[in-house]
Structure formats: structure tokens, C-alpha cells
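Every chain is numbered from 1, with letters handed out A, B, ... down the list of sequences.
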Amino acid sequence: MSQLQPIKGTHDLMFEDIRRHRHVEETSFEIARRYGYGEIATPVFEFTDVFKRTLGDTSDIVTKEMFTFETKGGDNITLRPEGTAGVARAFISEGLTQQTPLKFFYRGPMFRYERPQKGRQRQFHQIGVELLGVATPQADVEVIALAAHILGELKLTGAVTLEMNSLGDTESRAAYREALVSFFSARKDQLSADSQERLTRNPLRILDSKDPADKAAAAGAPLFTEYLNDASKDFFKAVQDGLAAQNIAFKVNPALVRGLDYYGHTAFEFTTDALGAQGTVLAGGRYDGLIKQMGGPPTPGIGWAAGIERLSMLLPELAAAARPIAVIPIGDEEGKVALGITATLRQAGFTVDLGYSGNMGKRMTRANKIKAAVAVILGGDEMREGVATVRNLDSGEQVKVPQADLARHLAGYK
RNA sequence: GCGGGUGUAGCUCAGUUGGUUAGAGCAUCGGUUUGUGGUACCGAGGGUCGCGGGUUCGAGUCCCGUCACUCGCCCCA
């Protein structure tokens, strides 16, 4: 079709949309900063192997959702589908492995070749955090508390619920996986086609299938909690106690699992029912095996990512932007003086609009359209007296103010 | 990748059982108002009816294809 349209699943962000995006980014980084997080910006593309090795060859992201290209030089590169792999790669390749614990905040575009839907684009944006090098539950608690704090600051506490689960350590997960496979294998014919496929690829996923047949079949399935070993149970308990100590409400959801291979122990999601099928707004978990799997020293890690588009859609109305001051000269001579006054006011920190053309009526109309709070009018009379007429555009009241006193007089409109 | 819905002006939408110059509101521009905006009144511009093909004397309307958007499945933030 026409080249004059954005690529499927991409959008131009402007006006109110980008204000909301920036609001999410800026408030979340401001909170993360208080928890000791510094920002990291990794490249938007990496060697394809970086994602293949970390996400696991069988995950859907790797098998069908990556934007992968060959460069002119013959390298195989991929637009990042998520943020953790790049941060983990940087952790190793930047030689940071001796500097743990490390806390990173990131924001930026991610790319997944998927069918677009409400709250799901091919280029979308995430904020996320990673905490590397802390193996104790205190890290899990802190990272989840940070997420809750950010959502609270965004005024979304009432709109989301926190669900969590333990995927146990490697030993527990292997035991549980085995139990699940044997349970579902015995009733394979009752499962949906998708889930029969999952049986070999990712049996845990059968548990949170939306298919009614799967839900029925999963009713009597063994519970993860029965297969957690003592170490895993203690760990999960400590995380829950830590959250309770901070009055963070959560719900244990035994069906909560992870699509990506590198997760173990704590998995959590903040979800909403306001976004249709895309209810997950922020999700994360512990990935103790990842760094080693990538070729670094064994290093525990935990983190989460949140979709900025999804958060933006949930956000309540933002406070109105600051209203500008409109400077309105009536003729060419006044125009020159207006230039100087405009510059002075902008230097002093005011938001000032100086129109580009039109008679006074036109300029007043424009002042009104951009929601200016006051108009500073400069005409022949004002020039002779060395003043400007300051008109309050809400009340219509106007007074003459010496040009030199404008900044002081307008102080309330900054 | 699979399934449903929808494509008419810049935006939101009407358009009868197929019928001759395709409409409205909002927005835009001009005027009433050559030093005063918002309100009001008057007027104007703006449409290959997503695209291609077919049926028909005649298609915005019916049929087929295609593209796009959208919702859901899968998966995920």
C-alpha cells in the first residue's frame, strides 16, 4: 500500500500522547532514583544471539516475534524485544561483574513482530529496572516495592492488583515440571491443540490458558506449592513477609508463570481489567541463571518491565500544561520592541508566544486558541508612554504596565 | 499465524428497498468588527465514498479480491 503511512503496529507520538509517555517515564525514574537506581540506555539492537541465548530457543518471542536483519557486513542483528537481555549483556561486556550490587533503570522502545491489538504494538515502549548481584529476598521485596511505589505515584494503585507466585529454584521447578507433564499427559486428549503443543515446550503455560477445556483439565492439576523444596518455600515466605511489612497488598496466584526461560523463584505481575485482553501492566521476576547462561560469572538478578502505552492508557487526566503569555504587537515598529520583550521574558523563565503574522484580531484569536493566560499588547499609544497593556484573557481586565516592569508584574503567570 | 468487526470531508458520523448535483456537527478560512480574543450571526473552501475488479441502464449502497484499521486467539509489557 501507500508508503505514506506508518508501518503496521507503529505510531507517531505527539501532543497529549507523548506528554503522557513522558509523565510515566519521568515520574518512574524519579522514584527509581530514590531507591538508588541509575539510568542505563543500551542499544536498541544487539546481535541476535544475545536474545536467542537469554530468551530460550523455544519461546514465542524468539521463534516468531523478533525483528531480525542481516547487516551489510553480514552480522545477524535483532531489534530488542525486551530490555533485560541487553542490560545483562552490558553487565558482562562492560566489565561490571565486580561491582555488584548494581541497580539499573531503563526506558525506551522495544520491538515485537506481533499482530497489533489494543495495548500491543510492534514498536512499543517500556520502562524497567534490573537489580543485579543480590540473592536474598530483600532484593525481591525492594524491586516489587519500587514498582508499587511508582504505580502509586502515577495514581494507579486502585486500578491494578499485584499477583505473585514462586517458580521455585531449579530443583523444585524440575520436579514440578515433571509432575505436570505426567498429569497432563494422562489427559492429553482433553487439552486444546495449543496446550498439547505446550506439553513439550512449556507445560507451566497450560495452567494460565484461557481455553475452557484447558481450564477444566487444569482443575485437578498438582500445585506448585506442593513441589517447592524448603529453601524455595522459605524464600517465597520471606518475600511475602517483606511486602506485608510495607503494607503492599498482593494475591498469590499459583497459575502465574513466565514465558521466558530464565525466571525462577519470585514471579509477579501488576494487572488491570481495564485494557481488555492485555491486562498485564508491569511484570517481572527473578532470573538467577541468566548471567551465567550468557557467559558471565554466576550472578543473581531480579527485575521488571512495564509497558508505557498500557500505563498511559490507564493514567488519569494529566494536569494542564503551563499557560503561555501572548505578546501582541500592533505594527512593525512595535514588532521590534515585542521581540526584545519576548526574549527578556523567556530568559526570565516565562512561557511566551509571539505570533508570526496577522493583525491584532488574528493575534488575539491565536492567543485564545493556545490558551494564553494574558496578552501583552504593544501599540502606538503604549510605545509613546513606554508601557504595555496587559490583558487578562479570562477576566478581560487590562492595565498598563511600564515595559521595564513586565517580568515583575507577570510573576504570577510563570 | 488464525478468527470476528469496520473503512464516506482534517475529526466524529448520517446516507432509506441500488436512482441522477454525497450530507451534518465540530474544525479551518473569510465577513459582521482597520487597537481587543472567547459568545453570536452570515458565508466559503474541503470528498478518486480505502484500492482493484465484477453485477447492473445506474453502485457510497450488492458480489469477489486486496490493503488498512480494530477487537479477540496465540503470546506478552
Side-chain angles (χ1 to χ4, degrees), chain A residues 1-11 24 55 58-66 81-84 107-128 147 160 192-195 197-198 201-202 205 208-212 214 257-260 268-272 275-285 303-314 326 328-331 334 355 358-383 389-398:
Chain A
M1 252 297 269
S2 164
Q3 298 299 297
L4 267 186
Q5 58 181 229
I7 289 175
K8 184 201 281 280
T10 69
H11 294 280
V24 170
L55 300 176
T58 59
S59 74
D60 271 49
I61 290 183
V62 169
T63 54
K64 59 178 200 190
E65 292 174 4
M66 296 203 308
E82 55 94 47
T84 302
R107 54 174 137 186
M110 304 291 166
F111 306 85
R112 294 210 302 224
Y113 194 85
E114 303 182 277
R115 189 76 169 260
Q117 233 174 281
K118 184 184 180 71
R120 192 175 78 183
Q121 285 87 34
R122 286 186 171 182
Q123 175 175 339
F124 61 107
H125 300 78
Q126 287 186 332
I127 51 170
V160 298
S192 68
D194 282 327
S195 284
E197 170 74 15
R198 291 185 182 107
R201 221 184 57 208
N202 194 347
R205 272 278 163 203
D208 66 353
S209 168
K210 289 173 192 166
D211 189 294
D214 293 339
V257 297
R258 279 282 89 101
L260 307 181
F268 58 93
E269 287 183 3
F270 287 84
T271 60
T272 175
L275 292 180
Q278 262 60 245
T280 303
V281 138
L282 182 154
W304 52 254
I308 298 179
E309 280 82 358
R310 291 182 186 179
L311 290 173
S312 292
M313 286 189 281
L314 294 177
I328 299 182
I330 286 168
E334 293 85 355
N359 58 25
M360 187 181 188
K362 289 268 187 8
R363 288 170 186 260
M364 287 296 285
T365 301
R366 172 170 167 79
N368 200 57
K369 200 169 310 175
I370 63 174
K371 297 187 170 69
V374 286
V376 174
I377 298 164
L378 294 161
D381 297 345
E382 286 85 352
M383 298 300 278
T389 295
V390 174
R391 178 180 178 89
N392 180 311
L393 291 174
D394 293 329
S395 65
E397 287 165 24
Q398 53 187 53

(request) Let me have a per-nucleotide readout for nucleotides 32-40 of chain B, 5' to 3', with B, S or -, counting only protein heavy atoms under 4.0 Å. (result) ---BBBB--

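- Taking atom P in both B:G7 and B:G50, the straight-line distance is 8 Å, to the nearest Å.
- Contact record, A:Gly355 with A:Arg363: O-NH1, 3.5 Å, taken as the closest heavy-atom pair.
- For A:Pro116, the side-chain contact (heavy atoms from CB on, under 4.5 Å) partners are A:Lys8, A:Arg122, not counting sequence neighbours.
- Straight-line distance from the CZ atom of A:Phe124 to the C1' atom of B:A77: 6 Å, rounded to whole Å.
- Only the P atoms considered, B:G15 is 28 Å distant from B:U56, to the nearest whole Å.
- The CZ atom of A:Arg122 sits 14 Å away from the C1' atom of B:U70 (whole-angstrom rounding).
- Separation of the C1' atoms belonging to B:A9 and B:C26 is 12 Å when rounded to the nearest angstrom.
- At the heavy-atom level, A:Gln121 lies under 4.0 Å from base atoms of the strands shown.
- If you check every strand for non-hydrogen atoms under 4.0 Å, A:Ala305 touches sugar and phosphate atoms only.
- No contact: A:Arg363 has no heavy atom under 4.0 Å from any strand.
- A donor-acceptor pair under 3.5 Å is absent between the side-chain atoms of A:Glu269 and the main chain of A:Thr271, judged by distance alone.
- Here, B:C64 and B:G43 have their C1' atoms 45 Å apart, quoted to the whole Å.
- Taking CG of A:Asp394 as the start and NZ of A:Lys371 as the end, the distance is 11.5 Å to the nearest 0.5 Å.
- To the nearest angstrom, C1' of B:C67 lies 15 Å from CD1 of A:Ile7.
- To the nearest whole angstrom, the two C1' atoms, one in B:C67 and one in B:C75, are 25 Å apart.
- Taking only side-chain atoms of A:Arg198, from C-beta outward, the nucleotide of B:C75, B:C71, B:A77 with the closest atom is B:C75.
- Straight-line distance from the CD atom of A:Glu114 to the P atom of B:C69: 15 Å, rounded to whole Å.
- Considering only side-chain N and O atoms, A:Gln117 lies nowhere under 4.0 angstrom from the phosphate OP1 or OP2 of B:C71.
- For the P atoms, the distance from B:G35 to B:A40 is 25 Å, rounded to whole Å.
- Look at the P atom in both B:U66 and B:C2: the space between them is 12 Å, to the nearest Å.
- Summarising the geometry, the separation between CZ on A:Arg310 and C1' on B:A77 is reported as 5 Å, rounded to the nearest angstrom.
- Protein atom CG of A:Asp214 is 12 Å distant from nucleotide atom C1' of B:C73, rounded to whole Å.
- Look at A:Lys8 and you'll find a side-chain N or O under 4.0 angstrom from OP1 or OP2 of B:C69.
- Summarising the geometry, atom CG belonging to A:Asn359 is positioned 10.5 Å from atom CD1 belonging to A:Ile328; distances are rounded to the nearest 0.5 Å.
- Qualifying side-chain contact (heavy atoms from CB on, under 4.5 Å) partners for A:Arg366, counting only residues two or more places apart in sequence or in other chains: A:Asp353, A:Ile370.
- Protein atom CZ of A:Arg205 is 10 Å distant from nucleotide atom C1' of B:C74, rounded to whole Å.
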(message) Only Watson-Crick and G-U wobble pairs with both distances less than 3.5 Å should count. Give RNA chain B in dot-bracket notation, marking inter-strand partners with |.
(response) (((((((..((((.....[...)))).(((((.......))))).....(((((..]....))))))))))))....

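- Nearest-nucleotide positions on RNA chain B for A:Asp194 and A:Thr10 put A:Thr10 closer to the 5' end.
- Checked by atom type, the side-chain pair A:Gln398/A:Thr389 shows no donor-acceptor distance below 3.5 Å.
- Of the options A:Leu311, A:Val281, A:Thr280, a side chain to side chain contact (heavy atoms under 4.5 Å, CB included) to A:Leu275 is made by A:Val281 and by none of the others.
- Rounded to whole Å, atom C1' of B:G30 lies 8 Å from atom NZ of A:Lys362.
- Listed by chain and number, the residues in a side-chain contact (heavy atoms from CB on, under 4.5 Å) with A:Asp194 are A:Ser192, A:Arg198 (sequence neighbours excluded).
- Listed by chain and residue number, A:Glu25, A:Glu39 satisfy the side chain to side chain donor-acceptor pair (under 3.5 Å) test with A:Arg107 (two or more places apart in sequence, or in another chain).
- Looking only at distances, no side-chain donor or acceptor of A:Gln123 sits under 3.5 Å from a matching main-chain atom of A:His11.
- For A:Arg120 and B:C75, a side-chain-to-base donor-acceptor distance below 3.5 Å is present, hydrogens and geometry of angles not being considered.
- Atom P of B:C62 sits at a distance of 8 Å from the matching atom of B:G18, rounded to the whole Å.
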